[in-house]
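Please read the structure below before turning to the comments.
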Amino acid sequence: MAAKLSAVVDVHHCNVSYPSDKNQPPHFTASPLRISTKRFTIFCTSSKSPPKTAPGKAESKKRKTPSLSEQLKPLSNTILSDQPNESHQLLSKPKSIWVNPTKPKPSVLSLQRQKRSSYSYNPQIRDLKHFAKKLNDCHPADDAAFQAILEEIPHPPNRDNALLVLNSLRSWQKTLLFFNWIKTLNLFPLETIFYNVTMKSLRFGRQFQHMENLANEMIENGVELDNITYSTIITCAKRCNLFDKAVQWFERMYKTGLMPDEVTYSAVLDVYAKLRKVEEVMSLYERGRASGWKPDPVAFAVLGKVFGEAGDYDGIRYVLEEMKSVGVQPNLVVYNTLLEAMGKAGKPGLARSLFEEMLDSGITPNEKTLTALIRIYGKARWAKDALELWDRMRLNGWPVDFILYNSLLSMCADLGLEEEAESLFEDMKGSESRKPDSWSYTAMLNIYGSGGNADKAMRMFEEMSDKGVELNVMGCTCLIQCLGRAKRIDDLVQVFESSVDGGGIKPDDRLCGCLLSVVSYCEGEDANKVLACLHKANQNLVAFIKSLEEEDTKFENVKQEFKGILSNTAVDARRPFCNCLIDICRNRNLRERAHELLYLGTMYGLYPGLHTRTEEEWRLNVRSLSVGAAHTALEEWMQTLTKLVQRREALPEVLSASTGAGSHKYSQGLANAFASHAEKLAAPFKLREDKAGLFVATREDVISWVHSRAASLASIA
DNA sequence: CTAGGGTTAG
């Protein structure tokens, strides 16, 4: 199926060798490749081609939670007949499996929606609305006052009157009080609709327990639960994050012989989407299709969301193809969902063309559409498209809200558009309804921080406290990064202390990573001051740095400590931690330690694709490495290549190293640093003129480099 | 919110 297709193993991708380590924490993605090697080496010292498939991959993909079909087994034995439903069929158009027309199609959903009774006009509507307003205005804690108002109901509380009032109450507490009052009056039997209306209010207040009590009361009193009841229960459970409850009530429908209709069905689809259970969503979807269901835009929005969250482009394409084959025209929400999904799948170009398609079909974008696109262009650093879209927004008068304003500011930060951001920021200050908030200030701190403008960043910081806008942890991180780069360590300490001790900011792993990077390029007293800050946020990390500096610390200890630290670190922050720690070692002349850390980082999967091989070319990819880590990796690689040459093993024609072009305006330097280190090693890599950040050497270059180096070493000896 | 399902910011 789609999710599996995108997980296909990249055969050019797995050449790092790992000694087996059985004690890895469960959340480390162990490499599927375990070429056993006794040597302490990061790169494979065998030139044999890597296997096409990775042993153990299937193992690691094995699901830990039961699939929906497993969960619904009791159901499928009673109601559904077993059907072949292989997941790999999903990308193709579902075929009709039910060839024999005398056998009925097994059905998982009713093709007809729940019918609802029509309201008749209530001549007392004015009086009753007024009455409901009095109940709504009554103080929420004053039960006696509420009861007193109830007694003054202007018309007899018969079925229609009671229903009208019940529908007009706002808070769930009052709805429940009124519902119970009607029940005690016992003037007429309470039909399903009374429960449904009450439940709707409970859902609004996220009162699942009350809701479940009512549902059980219905069962006890023999009141029928219909599709509206179930979908309300299921979506309430979902909003309260009680997903098992949602599934439980859904299963109960089948057990009692009630077929879900498409509304209930897509509510459940969304439950599985929220749980990110892609396969379950698809299984349900496919079963629905096999039952003759023609999904509507809401169902496609759910599908789009689930693939977007998985970053699964094949899945998104599948949704688009399905809509076409079913004949459903996407609406605004579907487009918004798919645009968002394209962004998450890292496809800005396809998001752009989908947006144009949406405009061509006559749909006007709303704030959410534009927020998604602006964000995508910003993250992709597509300045031209971002600015062009911004122009079109103004030109066409497309809707703008506060979130979109802040997203535009963040986009400016991503692209380093300082002037544009400043003028937008001034606009916001001048407006009544969109005064800059902590998001807006964070974006400005980000801009000045990444631009190295410490003075302006500090001015923003002061302005925030003047205006009473709270600094959040991300703003704090941007500011500290900026002050660190400007070597304004005393200001840095002051900002850290005022925001962590006084301002109630809880340092997160990103902030720690930022402090760690400042430590890596500071010396002496400055480094100690920053370490003291870091100590308040993460004691173990500081202890680990100290142990790295001690000569008699054994590799085994480094390994254990580092593993412990990484396990307690957010996944996104692990590689930056490792990069900074390597830089710290290099800047303190602890080169062996740097190699140990790079080795461990590779083992724990922090540098996937560090080394890639095809038959013609081997490449060292250091674009996600810090300068020190890149130096270390280059040294390591040259050592490995030396061994291969000495053992006369085959090398590919081309050996290359990629530092990346550094698409961020302020993130240059890795290529330069790499070039000078290659020069220092006299390594034969030449920067390719036509490809930014790509260093290339031929096989012959490398072989002669190894020989000349051996010769010079021999002459020294 | 006139009984039920889907979409916006590090």
Side-chain angles (χ1 to χ4, degrees), chain A residues 113-119 122 125 128-129 132 163-172 175 191-205 225-236 238-239 246 260-271 273-274 295-306 308 330-341 343 365-376 378-379 399-411 413-414 437-440 442-443 445-446 472-478 508 510 572:
Chain A
R113 279 203 194 190
Q114 169 89 42
K115 282 197 218 79
R116 27 172 81 200
S117 53
S118 55
Y119 277 77
N122 190 324
I125 186 160
L128 290 168
K129 282 275 176 193
L163 204 50
L164 200 150
V165 175
L166 197 62
N167 251 317
S168 312
L169 295 174
R170 293 256 165 73
S171 76
W172 63 270
T175 309
E191 313 148 37
T192 304
I193 188 170
F194 281 85
Y195 284 92
N196 289 350
V197 172
T198 307
M199 282 183 173
K200 181 184 162 183
S201 175
L202 291 172
R203 189 187 66 165
F204 200 71
L225 283 77
D226 62 12
N227 258 289
I228 298 175
T229 322
Y230 279 109
S231 58
T232 311
I233 296 172
I234 289 164
T235 52
C236 178
K238 182 176 72 189
R239 283 184 201 181
D261 67 7
E262 76 170 327
V263 175
T264 314
Y265 205 72
S266 49
V268 170
L269 276 187
D270 193 54
V271 169
K274 279 255 151 48
D296 67 356
V298 176
F300 285 118
V302 173
L303 285 195
K305 183 174 70 180
V306 83
N331 63 16
L332 179 60
V333 177
V334 172
Y335 272 117
N336 287 351
T337 311
L338 290 175
L339 282 172
E340 183 92 354
N366 67 4
E367 298 87 336
K368 291 171 186 171
T369 324
L370 300 167
T371 299
L373 260 188
I374 279 292
R375 186 163 167 257
I376 289 169
K379 293 283 161 270
V400 181
D401 65 3
F402 191 51
I403 292 179
L404 182 49
Y405 261 95
N406 275 340
S407 300
L408 285 165
L409 271 185
S410 299
M411 176 271 286
D414 287 331
D437 69 350
S438 69
W439 285 79
S440 329
T442 300
L445 287 170
N446 193 0
N472 60 30
V473 67
M474 185 184 172
C476 181
T477 306
C478 294
D508 61 5
R510 284 185 175 208
D572 292 349

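These values consider heavy atoms only, across backbone and side chains, with no hydrogens, waters or symmetry-generated copies. Order of the sequence lines sets the chain letters (A, B, ...), proteins ahead of strands, with each chain counted from 1.
- The side chain of A/D226 lies closest to B/dA3, out of B/dG6, B/dA3, B/dT8.
- A/T264 contributes a side-chain N or O that forms a donor-acceptor pair with the base of B/dG4 under 3.5 Å.
- A/N331 comes within 4.0 angstrom of a nucleotide base, judged by non-hydrogen atoms across all strands.
- Remark: the A/N336 side chain and the A/T369 side chain contain an N/O donor-acceptor pair separated by less than 3.5 Å.
- Closest to the side chain of A/I228, from the set B/dT8, B/dG10, B/dA3, is B/dA3.
- Comparing B/dT8, B/dC1, B/dG6 against the side chain of A/F204 picks out B/dC1 as the nearest.
- Comparing the same atom, P, in B/dC1 and in B/dG5 gives a spacing of 12 Å after rounding to whole Å.
- In the set B/dG5, B/dG10, B/dT8, B/dG5 carries the atom at the smallest distance from any side-chain atom of A/A267.
- Taking atom C1' on both B/dT7 and B/dA3, the two are 24 Å apart, rounded to the nearest angstrom.
- Evaluation of atom-type donor-acceptor distances gives no pair under 3.5 Å for the side chain of A/N336 against the base of B/dT8.
- Straight-line distance between the P atoms of B/dT2 and B/dG6: roughly 15 Å, to the nearest whole Å.
- Side-chain atoms of A/R510 lie closest to B/dG10 of the nucleotides B/dG10, B/dG4, B/dA3.
- Within 3.5 Å, a donor on the side chain of A/T371 pairs with an acceptor on the base of B/dT8, or the reverse.
- Between the side chains of A/N446 and A/S410, no donor-acceptor pair of N or O atoms lies under 3.5 Å.
- With distances taken from any side-chain atom of A/S117 to the nucleotides B/dG5, B/dA3, B/dG6, the minimum falls on B/dA3.
- In the set B/dT7, B/dG5, B/dG6, the nucleotide with an atom closest to the side chain of A/K368 is B/dT7.
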Tell me, with the steps shown, if A/V400 and A/L370 meet side chain to side chain contact (heavy atoms under 4.5 Å, CB included). CA-CA 8 Å; A/V400 181; A/L370 300 167; 5.7 Å; no

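- Comparing B/dA9, B/dG5, B/dA3 by their closest approach to the side chain of A/S407 singles out B/dA9.
- A donor-acceptor contact under 3.5 Å is formed by the side chain of A/T442 with the base of B/dG10.
- A straight line from CD of A/E340 to C1' of B/dG6 spans 13 Å, rounded to a whole angstrom.
- Looking at the side chain of A/K200, the nearest of the listed nucleotides B/dG4, B/dG5, B/dA9 is B/dG4.
- The side-chain ring of A/W439 is stacked on the base of B/dG10, judged by centre separation under 5.5 angstrom and plane angle under 30 degrees.
- Residue A/R375 places at least one side-chain N or O under 4.0 Å from the OP1 or OP2 atom of B/dG10.
- Here A/V333 lies in heavy-atom contact (under 4.0 Å) with a base.
- Other residues, nucleotides and ligands contribute more than 12 heavy atoms inside 6.0 Å of the CZ atom of A/F402.
- Of the listed nucleotides (B/dA9, B/dG6, B/dA3), B/dA3 has the atom at the smallest distance from the side chain of A/R116.
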